[in-house]
*Asks:* 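Please see the structure below; I have some questions.
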Amino acid sequence: MNMPHPEPTQNDDPEGIYRDDRRLDHAEGASRPLRSQPEKQPRGAKARGNRPIDQAEAAARFMAAPRHAKMHDERLWDLRQKRDREMHGILEWEELRALASAIKEHTLTHLDEYLEQFEANARANGIHVHWARDAAEHNRIVHGILADHGAKSLIKSKSMLTEECRFRDYMASVGIEVIETDLGERIQQLDHEDPSHIVVPAVHKTRTDVAEVFAKTIGTDPGNSDVHYLAESEREANRPLILAADAGMTGGNFVVAETGGFVVCTNEGNADLSANVPKLHIASIGIEKIIPRLEHLAVFVRLLSRSALGSPITQYTSHFRGPRAGGEMHVVLVDNGRSERLGMAEFWTSLKCIRCGACMNTCPVYRRSGGLSYGATYSGPIGLIIDPTFNARKYSSLPFASTLNGSCTNVCPVKINIHEQIYAWRRELVKQHEVPFAKKAAMKAAGELLSRPAAYRAAVGAAEGALAHLPRFVVYNALNAWGKHRENPHPVEQTFHDWYQANRGGNDE
Ligand code: SF4
């Protein structure tokens, strides 16, 4: 017998709105908005030295915060849909992708020549060019330049390369203040947190989270999470720091060998502040960012913002080709593992990446688990194939955080075969003995089973029967982290194989 639910009373639900002791529905003209319950922002993966990152544990914490998880999923899916609309507006989209991929592959296979050409042309333009083998050398070079100018503060636009180099930490250790000029990156800096996305660094935060960060750091009203108020307050707080800075730093989206110049794409104009307010401009750029000629730039500029945010172009596409009058410009070309990756037969094409983030926006695992759950500089599908090149042990769990559905590969504007490289990393990690014993044994057993059709069908039959009767702990236990977040399907009455035999009578062996 169904028991009717008792009517809630005001004592049961203090958030409710009541008239004549009856709780009003939200749609019944209740003028008071539903008060939102504060939900603490879930934090990222816990780093434990060189031990493998437990991405599943951090993802579980993210999913346990339903407001954040829903907001994150919806925001990124919205970007994916906008990207699709832009893509459909360009008839030659697939030709552009093929061209971008070919230009990048050609450049990467002639990298030494184009880098030397860039260096010669940049020097001729009056730019000081430096080469950094790794993160430590990069940080020392930049520190040296700043020390030569007596600089004590640096304004900086967003750059994933400087995240790779843990640049802000290094600058703090030598007493130089770094101020991020990108709003999202500044939020993350003030919150002592890494960016969670390569294009939208604070995308995992709700505006209430941002209000809390600003209230603690720049003294805003903690109860006011209006986005205009927050953005304006941050601008007011940051502008004096920007105007007083001794030096500016940018990254570079594209470096043009034939001109000796480089291009920075932003939506806030923040790179232009970093480059143009102080007289000293330092650009830190990964060596894979080079393209041969200026005419190639058009291909990438058309693809980048459409893929990233679903907008036709970034608000600012700034070209730098030399120091301005009375100023000084330095370019630091950074390797930091890229040459080594270029020599990896299965992974070198990951260097084609133009950091648009489209693979992250489409990835069902990334959207639901948040970028900080990866515990690495690069998250999402591109992170799964780049991070293990830096440290195979620490990031050994990441290539398993994928369904291999291939959506990342489909949206990648430079046609990187991302899901195939993720799969290749799994094989590589097994070879390097970086996969836990239980996972290895399970994969071995699955491999044996899948290679024997008769045994496989017998097992499927048994599993279908068992699914209905097994106690839950057999599937939902501590050894199966991903099992906690999804239900098993209901057992089917007829498998596809049985249906095929009954209806087509074919022999599929
Ligand atoms: S791998 Fe492709 S889709 Fe992902 S960030 Fe790089 S260029 Fe964009």
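Every heavy atom of this structure was used, including side-chain atoms; hydrogens, water molecules and symmetry mates were not. Start at 1 and go down the list; that is how both ligands and their atoms are numbered. Sequential numbering from 1 along the given sequence is applied to the chain's residues.
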*Asks:* Under 30°, 30 to 60°, or over 60°: which ring-plane class applies to Phe62 and His72, parallel, tilted or perpendicular?
*Replies:*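 Rings of Phe62 and His72: perpendicular, as their planes differ by over 60°.
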
*Asks:* Between CZ of Arg85 and CZ of Arg306, what distance do you get to the nearest 0.5 Å?
*Replies:*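 The CZ atom of Arg85 sits 13.5 Å away from the CZ atom of Arg306.
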
*Asks:* Quick one: ring pair (Phe, Tyr, Trp, His ring centres under 6.0 Å) partners of His138, sequence neighbours excluded?
*Replies:*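 Here the qualifying residues are Phe167.
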
*Asks:* How about atom 6 (Fe) of ligand 1, which protein N, O or S atoms come within less than 2.8 Å?
*Replies:*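 For atom 6 (Fe) of ligand 1, the protein N, O and S atoms that sit under 2.8 Å away are Cys353 SG.
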
*Asks:* Between Thr181 and Ser274, is any side-chain donor less than 3.5 angstrom from a side-chain acceptor?
*Replies:*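 Note: Thr181 and Ser274 side chains meet the donor-acceptor criterion.
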
*Asks:* Using 0.5 Å steps for rounding, measure from the CD1 atom of Ile416 to the CD atom of Gln421.
*Replies:*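 Result: 7.0 Å between the selected atoms.
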
*Asks:* In terms of the angle between their ring planes, are His330 and His128 parallel, tilted or perpendicular, with boundaries placed at 30° and 60°?
*Replies:*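 It falls in the parallel class, under 30°.
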
